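Since this is a predicted model, take the numbers as computed values, not measurements. Side chains are part of it too, since the values below use all heavy atoms of this structure and drop only hydrogens, waters and symmetry mates.
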Amino acid sequence: MESSKLLIEGGRRLTGEIQIHGAKNSVLPILAATLLCGDVSSIHNSASLSNAFAAMRILRSLGCDVTHEGSTVTVNSANAEGDIVSDGLMHEMRSSIVFLGAILGRVGRCRLSFPGGCELGPRPIDLHLEALRRLGVKITEDHGILDCTAGARPQSADITLSLPSVGATENIMLYSALGTGETVIRNAAREPEISDLAGYLIKCGAEISGQGTSTLVINGVPELHGCEYSVMPDRIEAATYMGAAAITNGELMLRGVRPSDMYSCMSVFSEMGCGVYPYDDKIFISARKPISAVRTVRTMPYPGFPTDCQPIVMAVLAKSRGTSVIVENIFENRFMAAPELRRMDANIKAEGKVAVVEGVKKLYSAPVRAYDLRAGAALVVAALGAEGQTQVSNIHYIDRGYESIETALSSVGADIRRI
Ligand code: UD1
């Protein structure tokens, strides 16, 4: 699909303030969770993202009444009796697999297509399915279609994930929230977005404990009610703008963030030589010195360095003093920005899990293409620090996770426009 492009004239030093939106990776599972309450929920601080619009379309297709005004999405799931997510809707957004646990929890049955691969490589859901089977769900897979039927209301289960999958943890939470049993998830994902989903469910009446630790306990309750909930700030969006400040030797105040979720990112930017000053719900980043190389950056599950920030940091390190090594431990195919950055004269060698970034003095404009969401954002960051006018195409990927990236960046002095 060809979409609009971003034209970016690099070399402007960014200064000013940016208000960070609600987290994409939080709003999607929370929107799925609204199905469980059979009532009205108002979800505030929801960013206008194409992924969130896709989630709203799924909710409507299941029978929900959904309205979206400003940054509030109101979902009435009283009549959400649907149990099928169409192939088209599944393809629009890979992470729509998070609807599986919610639909099953709500109506006891779900039919959807297997998510298959995506830009980041194969996206297996074996851990999701294995856990749901442990909870008594009967699952058949036929020609890429998953047919799932819940047994009696969720039974008790003690589930140990072989790796702390974010999506699997969310699906188990969503399926177990309603019921009678006690579900224990060991080696659960500890990402802040998991705690945010737990926060919404608890406000609806769920009994969940241990969020933020690797053992989550969900005690099923017979019913949930609607509530008003405000989505946590997007730590990846904040890290992206930290990258934009760093590469332009700029100074940005990021407002509406939660610095405590971002220690691993902040420490990498500090190591690059940036001044990073968190206080309350703000982070001030000042990049007056040239960026220096860093020790090995390894992506890890939270609280380690997030895989979603890796391409952004790669773009900044591309224009730095010295050589940095990046090890990508989470996704197979997460160096999609590297070949495009090379078109901009970056010196990056990537093989398997490892990328070696030899910093160069200058990056130069080139026509480049976003091949996934964060790779696209990384190209925007690189373009802001490059000489000349860069054209970034395929930006529908960027729109999946950033609300009008060009508006935020031009408000702090970037020369960026959408054509
Ligand atoms: C979520 C985030 C994504 C982030 C990722 C890791 C959302 C919408 N997306 O994705 O932005 O990059 O967490 O922080 O929240 N895996 C299996 N089997 C499974 C499930 C996962 O092998 O059943 C593997 C995956 O292939 C991947 C790793 O586990 O290598 C991590 O995946 P997971 O944590 O599940 O990521 P997502 O929930 O898909």
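Ion pairing of Glu92 with Arg57 is present here, as a side-chain N (NZ or NE/NH1/NH2) and a carboxylate O approach within less than 4.0 Å. A salt bridge does not link Glu340 with Arg369: none of the charged nitrogens is closer than 4.0 Å to a carboxylate oxygen. Between Lys24 and Glu193 there is no salt bridge, since none of the side-chain N atoms of the basic residue sits less than 4.0 Å from a carboxylate O of the acidic one. Under a 4.0 Å N-O distance rule, the pair Asp158/Arg186 qualifies as a salt bridge. Ionic pairing of Lys361 and Asp345 is not present here: no N-O contact between side-chain nitrogen and carboxylate oxygen is shorter than 4.0 angstrom. Salt bridge annotation for Asp308-Arg235: absent, with no cationic side-chain nitrogen under 4.0 angstrom from a carboxylate oxygen.
Side-chain N or O atoms of Arg343 include one that pairs as donor or acceptor with a backbone N or O of Pro367 at under 3.5 Å. Side chain of Arg321 to main chain of Ala293: no donor-acceptor pair is present (N/O by atom type, distance under 3.5 Å, no hydrogens or angles). Distance alone, capped at 3.5 Å, places no donor-acceptor pair between the Thr169 side chain and the Ala188 backbone. Checked by atom type and distance alone, the side chain of Asp281 never pairs as donor or acceptor with a backbone atom of Arg258 at under 3.5 Å. Between the side chain of Asp415 and the main chain of Gly10, no donor-acceptor pair closer than 3.5 Å is present. Proximity of a side-chain donor or acceptor of Lys203 to a complementary backbone N or O of Glu228 within less than 3.5 Å is detected. A donor-acceptor pair under 3.5 Å is absent between the side-chain atoms of Thr183 and the main chain of Ser176, judged by distance alone. A donor-acceptor pair under 3.5 Å is absent between the side-chain atoms of Arg400 and the main chain of Asn51, judged by distance alone.
At a threshold of 4.5 Å between non-hydrogen side-chain atoms, the residues Ile285 and Phe269 count as touching. Side-chain atoms of Gln310 and Arg374, non-hydrogen and from C-beta on, never get closer than 4.5 Å to each other. At least one side-chain heavy atom of Ser77 sits less than 4.5 Å from a side-chain heavy atom of Arg106. With a 4.5 Å cut-off on side-chain heavy atoms, Lys349 and Asn347 count as touching. Side-chain contact check for Ile236 versus Pro306: some heavy-atom pair is nearer than 4.5 Å. Residues Met56 and Cys64 fail the side-chain proximity criterion, which asks for heavy atoms closer than 4.5 Å. When side chains are defined from C-beta on, Ile395 counts as touching Ile398, because their heavy atoms get closer than 4.5 Å. By the 4.5 Å heavy-atom criterion applied to side chains, Leu379 and Ile8 are not counted as neighbours.
Taken to the nearest 0.5 Å, the CZ atom of Arg12 stands 13.0 Å off from the CG atom of Leu409. Atom-to-atom distance recorded for Leu201:CG and Leu174:CG is 6.0 Å, nearest 0.5 angstrom. Atoms OG and CG, on Ser26 and Asp196 in that order, are 3.0 Å from each other to the nearest 0.5 Å. The CG atom of Asp39 lies 10.5 Å from the OG1 atom of Thr34; values are rounded to the nearest 0.5 Å. Atom-to-atom distance recorded for Ile283:CD1 and Leu252:CG is 11.5 Å, nearest 0.5 angstrom. Taken to the nearest 0.5 Å, the CE atom of Met314 stands 4.5 Å off from the CD1 atom of Ile326.
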Practice item. Let me see the working for Asp280 and Arg255 under salt bridge (Lys or Arg N to Asp or Glu O under 4.0 Å), right down to the final yes or no. Key: CA-CA 9 Å; Asp280 300 335; Arg255 291 189 175 275; over 6 Å; no
Point to revise | Worked check of salt bridge (Lys or Arg N to Asp or Glu O under 4.0 Å) between Glu328 and Arg298 | key: CA-CA 6 Å; Glu328 171 56 55; Arg298 289 187 175 80; over 6 Å; no
Exercise for review: Could you please spell out the steps behind the side chain to side chain contact (heavy atoms under 4.5 Å, CB included) verdict for Glu182 and Val217?
Suggested key: CA-CA 7 Å; Glu182 179 188 82; Val217 181; 3.8 Å; yes
**Study point:** side chain to side chain contact (heavy atoms under 4.5 Å, CB included) between Ile194 and Leu216, intermediate numbers included
**Key:** CA-CA 10 Å; Ile194 299 280; Leu216 269 167; 4.0 Å; yes
Point to revise | Intermediate values then yes/no, side chain to side chain contact (heavy atoms under 4.5 Å, CB included), Tyr402 and Thr240 | key: CA-CA 10 Å; Tyr402 294 84; Thr240 305; 2.7 Å; yes
Check your understanding: Given Thr15 and Glu251, is the side-chain hydrogen bond (donor to acceptor under 3.5 Å, both in side chains) satisfied, shown in steps?
Key -> CA-CA 5 Å; Thr15 53; Glu251 278 188 342; over 6 Å; no
Check your understanding: Going through the checks in order, is the side-chain hydrogen bond (donor to acceptor under 3.5 Å, both in side chains) test met by Asn171 and His128?
Key -> CA-CA 7 Å; Asn171 257 331; His128 305 229; 2.9 Å; yes
Point to revise | Step-by-step side chain to side chain contact (heavy atoms under 4.5 Å, CB included) determination, Val184 to Ile159 | key: CA-CA 6 Å; Val184 180; Ile159 296 161; over 6 Å; no
Point to revise | Ser71 vs Asn45, side-chain hydrogen bond (donor to acceptor under 3.5 Å, both in side chains): CA-CA, chis, key distance, verdict | key: CA-CA 5 Å; Ser71 62; Asn45 204 26; 5.2 Å; no
Practice item. Take Thr74 and Ser42 through the test side-chain hydrogen bond (donor to acceptor under 3.5 Å, both in side chains) and record every step on the way to the result. Key: CA-CA 4 Å; Thr74 301; Ser42 288; 3.2 Å; yes
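In terms of heavy-atom proximity, Val27 sits nearest to Ser46 at CG2-OG, 3.6 Å. A pairwise comparison of heavy atoms in Ser41 and Gly226 identifies OG-CA, 3.5 Å as the closest pair. The heavy-atom pair separating Ala375 from Met336 by the smallest distance is CB-CB, 4.1 Å. Residues Leu89 and Ser61 come closest through the heavy atom pair CD1-OG, 3.8 Å. Across Ile208 and Ile202, no two heavy atoms sit closer than the pair O-CD1, 3.5 Å. Of all heavy-atom pairs spanning Ala168 and Leu127, the tightest one is CB-CB, 4.1 Å.
Side-chain contact check for Gln389 and Ser365: no donor-acceptor pair (N or O, by modelled atom type) lies under 3.5 Å. Remark: the Thr299 side chain and the Thr307 side chain contain no N/O donor-acceptor pair separated by less than 3.5 Å.
Atom CE of Met300 has 12 or fewer heavy atoms from other residues, nucleotides or ligands within 6.0 Å. More than 12 heavy atoms of other shown residues, nucleotides or ligands fall within 6.0 angstrom of atom CZ in Arg342. Counting non-hydrogen atoms of other residues, nucleotides and ligands closer than 6.0 Å to CD of Gln19 gives a total above 12. Sparse packing is recorded around CG of Asn79, with 12 or fewer heavy atoms of other residues, nucleotides or ligands lying under 6.0 Å away. Atom CZ of Arg417 is surrounded by 12 or fewer heavy atoms from other residues, nucleotides or ligands within 6.0 Å.
Taking the six-membered ring where tryptophan is involved, the planes of Tyr200 and Tyr229 are perpendicular, since the angle between them exceeds 60° and thus also 30°.
Taking the six-membered ring where the residue is Trp, the centroids of His68 and Phe53 are separated by under 6.0 Å.
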